[in-house]
Structure formats: structure tokens, C-alpha cells
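Sequence lines set the chain letters: A, B, ... in the order given, protein chains first and strands last, and positions in each chain run from 1.
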There are 2 protein chains.
Amino acid sequence: MSGRAAAGQRLPTLEDVARVAGVSRATASRVINGIRNVDPQLHELVWEAVGRTGYVPNRLARSLVTRRTGTVALVVSDSETHDDDPFMGRFFADPYFGRVVGGLMSVLRRSGVQLALQIVGTDEQRTRLVGDLRNGQADGVIVLSLPAHDPLPRMLTEGEVPAVMIGRPADTVPINYVDLANDIGAALAADRLVGRGCQLIGMISGPVDVPASSDRISGFRRSMARRGHGWIPLASGNFTQASGEAAMCSLLTGHPGLDGVFVANDLMAVGALTALRAAGRRVPQDVAVVGFDDSSAALAASPPLTTVRHPLEDMAAESARLLLSRIDDASMRVSSVIYEPTLVIRESA
Amino acid sequence: MSGRAAAGQRLPTLEDVARVAGVSRATASRVINGIRNVDPQLHELVWEAVGRTGYVPNRLARSLVTRRTGTVALVVSDSETHDDDPFMGRFFADPYFGRVVGGLMSVLRRSGVQLALQIVGTDEQRTRLVGDLRNGQADGVIVLSLPAHDPLPRMLTEGEVPAVMIGRPADTVPINYVDLANDIGAALAADRLVGRGCQLIGMISGPVDVPASSDRISGFRRSMARRGHGWIPLASGNFTQASGEAAMCSLLTGHPGLDGVFVANDLMAVGALTALRAAGRRVPQDVAVVGFDDSSAALAASPPLTTVRHPLEDMAAESARLLLSRIDDASMRVSSVIYEPTLVIRESA
DNA sequence: TTGTACGCGTTATCAC
DNA sequence: GTGATAACGCGTACAA
């Protein structure tokens, strides 16, 4: 078997490999890093020594000098309600997080790039993060920004950290981002609801101060207005199933005649379905429901949700590609790519 | 404002701080690392210099010498069906992954420990991973092992890498792990189904060769046998909603009289619900359904699923704690902690 | 083409 | 208590 070092021993270093191969450390390094200009003879010798010693390069030491880590960070920027943050649990359990990670990994994996997870809640944590990043902790970052007014995007650009946001920043700052045309998605929902003849159509929105959410609200309102619905009942939740259920209840008591509702994400839509069932309303016969995201929850719901498809995996993958090329070419101009949502018709509307 | 270095410049180093403070690098280091034995005067001076220069320690350089990274890796060990792995997409979208990450972060975050994500599919990748780990790439690892016979656990113990598995290893190897008493969970399901008077009870299992899955099968069989059901119809899926639907169909055609079914996870149970509805069976009146996991899908389903609660977040959190103390004290003996599942009664059974 | 020597930013071991 | 100085493991000008 290959002579890997016994456990607990000092691990073989490049120096050891060089000694075994009978060359200088520089030559060994060249061979291992695939630099041309090396005698095929020695090339052979070095690789043999690598095998015999069980050498594996120390990434830390390498990064220290190359200033490249082969790692990108996925940073979730949150507005720390409290130290014992109940929100984070919800966030990770939400299909959203997993879809993003899956999309990112699908491209990062191919490039042998690792993903490091960073959660920052306070401004102090944000400052420290940017400091670490400038120190080369990671080659770049993908940012998931939750708070309405997050200072992080600006800090990142000022620190000249290669970064790509998933979802546009609330404040206008010159940073790369990948986003969904949320307003168009909302318009699709409006089309569907009006098109099937609904007369009194309401909406359940997410927090009104986050961009993705406000875009869906304004997009829906605008499109509905264009169709003669100048005003629509609105209730807002926080993207959780429970909040969707509560919002649906309040909407129903305020407007018993409601026969259509657009819900800003699938999780809340599932909650709305529960409330409707409890109120004795059939879906879609009595009340039509359109969700948003096309997450796994949409398909699991009963009836399966008609929903606006949010190609999160693709968007995450694209953001990873964007970041990677941005890392390779620091002079790349900031860019953004906007995805068009589509409507997935199922049974709820 | 604090004089942080202009972007694009060389970042301030410990050397710079020392110069500004008028002390030696060694002293600056001591102050920053909170070592006692330093003149309060200088202490003050150094911190002032830190603020003025905007210094932030370089973690890489620090790790190189301390051999501590402040990072643990979450490694997902998979059996790479193909390079274009369709499974991974499913895996990340599954609530399972998010719940684990959430649980881990809840404790790692407090200790200021970062989480790095690692996916390994081939043995070569596994070898490289262990090499990097031994080189101090991370202080330890949390392992999510998917394949039936995964060489990784053994490789980790042989490499003396601090590690904790979530879910016991298939082959017996001396490694720390946190697991659920899957057999007991299955017994709870059997109790419920038999208890409510079901006569012909089937099961939809996961892949038969992974431990968590086989434990649920054997636990269910044993408990059913003890209640006079010496044989039960079995169909197996792969933990996805679609596979659950298919399995339910096949079960139904083979055993039209089925009036109860235990499904090895909630996602498949949701699929089963769909199949039952399509077959015109009412739940739970015609067929009672018990799921497993108590994931968000259970609550979203209709009817809401009676299911075996799998406290994944708690288990992940515990595994993180275990790993942290194992890292602190290398001599700690290998240990395992088994969680007891409970039954959550909702409407499906 | 190969080897020498220096630097990456820290911490740790010594003398003082 | 404090300050030189040697590691840590590696890449790479520069000289040969």
C-alpha cells in the first residue's frame, strides 16, 4: 500500500517530498502545480515521492502566499432580532435556503470551490466579516440579504470584495446581483385570477419593506389596476405557513365575499389553504389561490398550488458563475441578471 | 471615523499595529490575544493602534501556526451516481438538509465557529478530503453519510480527524454519532395503526440498504409481529414525494383492502396521500397514514400528517456540541447519543 | 531547466 | 514584562 504517514505523526510536507525525490523544494512545487519547464524525468520522480509519502498540499499555507483560498462564502445577512434567534430556524427549514445551496453547489463543485456558510446579525459581525474577507478568508461572497436596509452590500463594495447578491439590494449600491422580475410574476398571478373571473381579489404579502416583497405588491397592484381593480384587500405575513393562515383569516373576516387571492409565497399559501378549508371555502371553486415560488410545498399542497415559478436554483447557479468570473477578472463591470418568472398552472387557480 | 485602510491598499498587518503603537510585534500579538502579563499602558496603546489602523487579524496566517481554524466542515458523503448528479438537487431541496444546518448553526454560531460545506461523491474526493482535514483545513467534521457502505467514517477515524456522524454508520466503526431510535419510532407508528383498528397494514420504506431506513423497517415488522401481524405488505421508495406516490399505487393494486400504512418519511407520505386521493380513498377513514420526521411537509399536508417526530435540529445541535468538546479534548472517548422519537398525532391517523 | 533565498502574517520560544 | 527570532508550509523572483 502507499506509505501514507501513520496517524498522529507530523504530516509530510513539500520539503519531505523534495527530499525523497532528491530534488529541491522549488522543483517539487513546480511539478505538483503543473508548471511546465520541468524535466519529465524529475516529474516522474516527484509524483512517485508524493505517492510514497502520502503528501497532500496544505491549503492554508498555499493560500497564505497565493492569496487564493478556493472558497466562496455564502453569507446570510440578518437583522438579529435577539440572540436566541427564532427566525433562523425558520429560515433554514424553509425550502428557500436549500434550493439556493443546491444551485450554488451545482456549479461550485465542478470548479472544486468550497462553500463556507456565514451568518451575520449585528453590524459588528458584519464589520468583522468584511475584514476577514479582505484578508482573503474567502475569494468572494454570495449574499443573501434579509433586512430591509442592510449596510452589508455597501460595505462589501467599499471593501472591494468580489460579491454577488441573490435578490437586489434595497438601497441602490453598485453591486452584482441576480434577481427575479417579481413584479412580472405578480402580474401573471393577477392575469390568472382576473382571467378566471374572480371578482373580489385579495393579496397576502410578505414583509412590506423587503424589496422582493414590495415588488410583488406593487406589481400586483399595478396589474390589477390596469384591469379595473383599483383597490385590493391586503394582509401581510412573514413568509411562514402560520402567518399565511392568520392573514387569510383576517382577510376573510374583513371581506367574506373574497373569491380570489394571490399569496406572496407558497408556504403562506399552504397556510391560507388551511384557513380556507376551516372556513368551509372550497379551492378553487369558492376561492382561487395563486402562490409564489413553486417550491416543493406547492406540489405537496392539496389542492396542488397554481404558482409563480421562481427558478431559484438556476439563479443561484448563475450567481455562482458570475462570482467566479468576477473573481478571475477583477476589472469586470458590475452587472445584474434578471430572470423572468412563469406561471405554473395546477389546481388551486 | 476610524482610519481603516483605503480599499485596494495593502491591509494593515500586526507589524503595522506594532509600529504605530511603538511596541514589538510580539507585544501587540499578546495584547490582541488577551494574554496577561502586559503593561496596562501598552495594552491601551496597542488597542488604540488597532483602531487607528483598522487592523484585523489574518485568520489564515494565524491558523497556520496555531493549527486551529475555527471552522468545522459539514460533509455530505454521497455515492455519486453520475457527475451530473440529479440526487443532490433533491437532497438540498429536502427539508432534512436545512434542519441539520439550522441545528448546527444554532450552536456553532455562539462559539464563533464557521461551517464549511463539503460534498464528496467519489473515493478520490474522500481521500483528498481526509488529507485536507488532517492538514488542518477544518478542526473537525460533521458527517452526513448517504451511501449504504461508506468508507468515509473509517477513513476519518484512521486519520484521527475529530468527527461526529448524524445517523449511525452502516458498518461498525469507532466513531462518534448521534442517532434516532428509528426502530422505536416505527413501533410507535405500529401502535397507532393497530390501536385504531386497522386490519391490513402496509409500509412504504426508504432504500432498504441504508441504516436509518432498514431500522425503520425491522422496527415496524417486529412491533407488528408482536401484535399478530406476522407479515406486512412492503413497497419501497427513495424518500421523495414522487416515489411515495408510486409506492402507494403499487401497494394499493396489490392489496386493495389496505386500511393503514406507515410511510418512512413525510415527503413520501405526502405522495402517498396524493395516490390515495386519486384512488378515491379517504384519509383516515378508509386508509390511515402515519409519516416519519415531522418535517414542515407534515403540517402542510392535507390532512395534516400524524407522524413520528424526528428531532433533527436538536440532534444536529447535539452533534455540534459533541464535536466541539471532542476538538477541545482529543482524548475524549468515542460516544454516541440516541434520541427517542415521539408520535405527533394530527389527522391522518 | 534547476536551486537559493525570501516573503506571506502569525504565534511561540527564548533570552533579557 | 518585553523584544528578537525561529517556526508554520508554501510559492516564486532571481540567479545560476
Response to the item:
Assign each of N37(B) and I35(A) the nucleotide of DNA chain D bearing its closest heavy atom; nearer the 5' end lies the nucleotide of N37(B)
Worksheet entry | Contact check, side chains of V141(B) and L129(B), non-hydrogen atoms, under 4.5 Å |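 Contact flag for V141(B)/L129(B) side chains = no.
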Item to complete: Using a 4.5 Å cut-off on heavy atoms from C-beta on, say whether the side chain of F91(B) contacts that of D78(B).
Response: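 No; the side chains remain at least 4.5 Å from each other.
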Under the salt bridge (charged side-chain N to carboxylate O under 4.0 Å, His left out) rule, collect the residues that match up with [X], sequence neighbours excluded.
| X | result |
| --- | --- |
| R30(B) | none |
| D329(A) | none |
| R19(A) | D16(A) |

Practice prompt. Please find the earliest and latest nucleotides of DNA chain C, in the 5' to 3' direction, that have an atom within less than 4.0 Å of any heavy atom of chain A.
Written response: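 It runs dT1(C) to dG9(C).
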Item to complete: Pull out every residue in residues 26-34 of chain A that has a heavy atom closer than 4.0 Å to any atom of DNA chain D, ordered by number, or say none.
Response: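 Residues of residues 26-34 of chain A that come under 4.0 Å of DNA chain D are, in numerical order, A26(A), S29(A), R30(A), N33(A).
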For a quick test of your reading: what N or O donor-acceptor pairs under 3.5 Å do the side chains of residues 319-327 of chain B make, sequence neighbours left out?
residue	atom	partner	partner atom	Å
S319(B)	OG	A316(B)	O	2.6
R321(B)	NE	E318(B)	OE1	3.3
R321(B)	NH2	E318(B)	OE1	3.4
S325(B)	OG	R321(B)	O	3.1
S325(B)	OG	L322(B)	O	3.1
R326(B)	NH2	A330(B)	O	3.4

Mind checking what makes side chain to side chain donor-acceptor pair (under 3.5 Å) contact with [X], not counting sequence neighbours?
| X | value |
| --- | --- |
| R59(A) | none |
| S77(B) | R126(B), D150(B) |
| T27(B) | S24(B) |
| N37(B) | none |

When we call it a touch if two heavy atoms are under 4.0 Å apart, what does [X] touch: a base, just sugar-phosphate, or nothing?
| X | answer |
| --- | --- |
| L64(A) | base |
| V65(A) | base |
| R67(B) | sugar-phosphate |
| L42(B) | sugar-phosphate |

Fill in: Opening and closing nucleotides of DNA chain D in contact with chain B, under 4.0 Å to non-hydrogen atoms
dG1(D) to dG9(D)
Practice prompt. Kindly write out the residues that satisfy side-chain contact (heavy atoms from CB on, under 4.5 Å) with A116(B), not counting sequence neighbours, or none if the list is empty.
Written response: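 A116(B): side-chain contact (heavy atoms from CB on, under 4.5 Å) contacts with T71(B).
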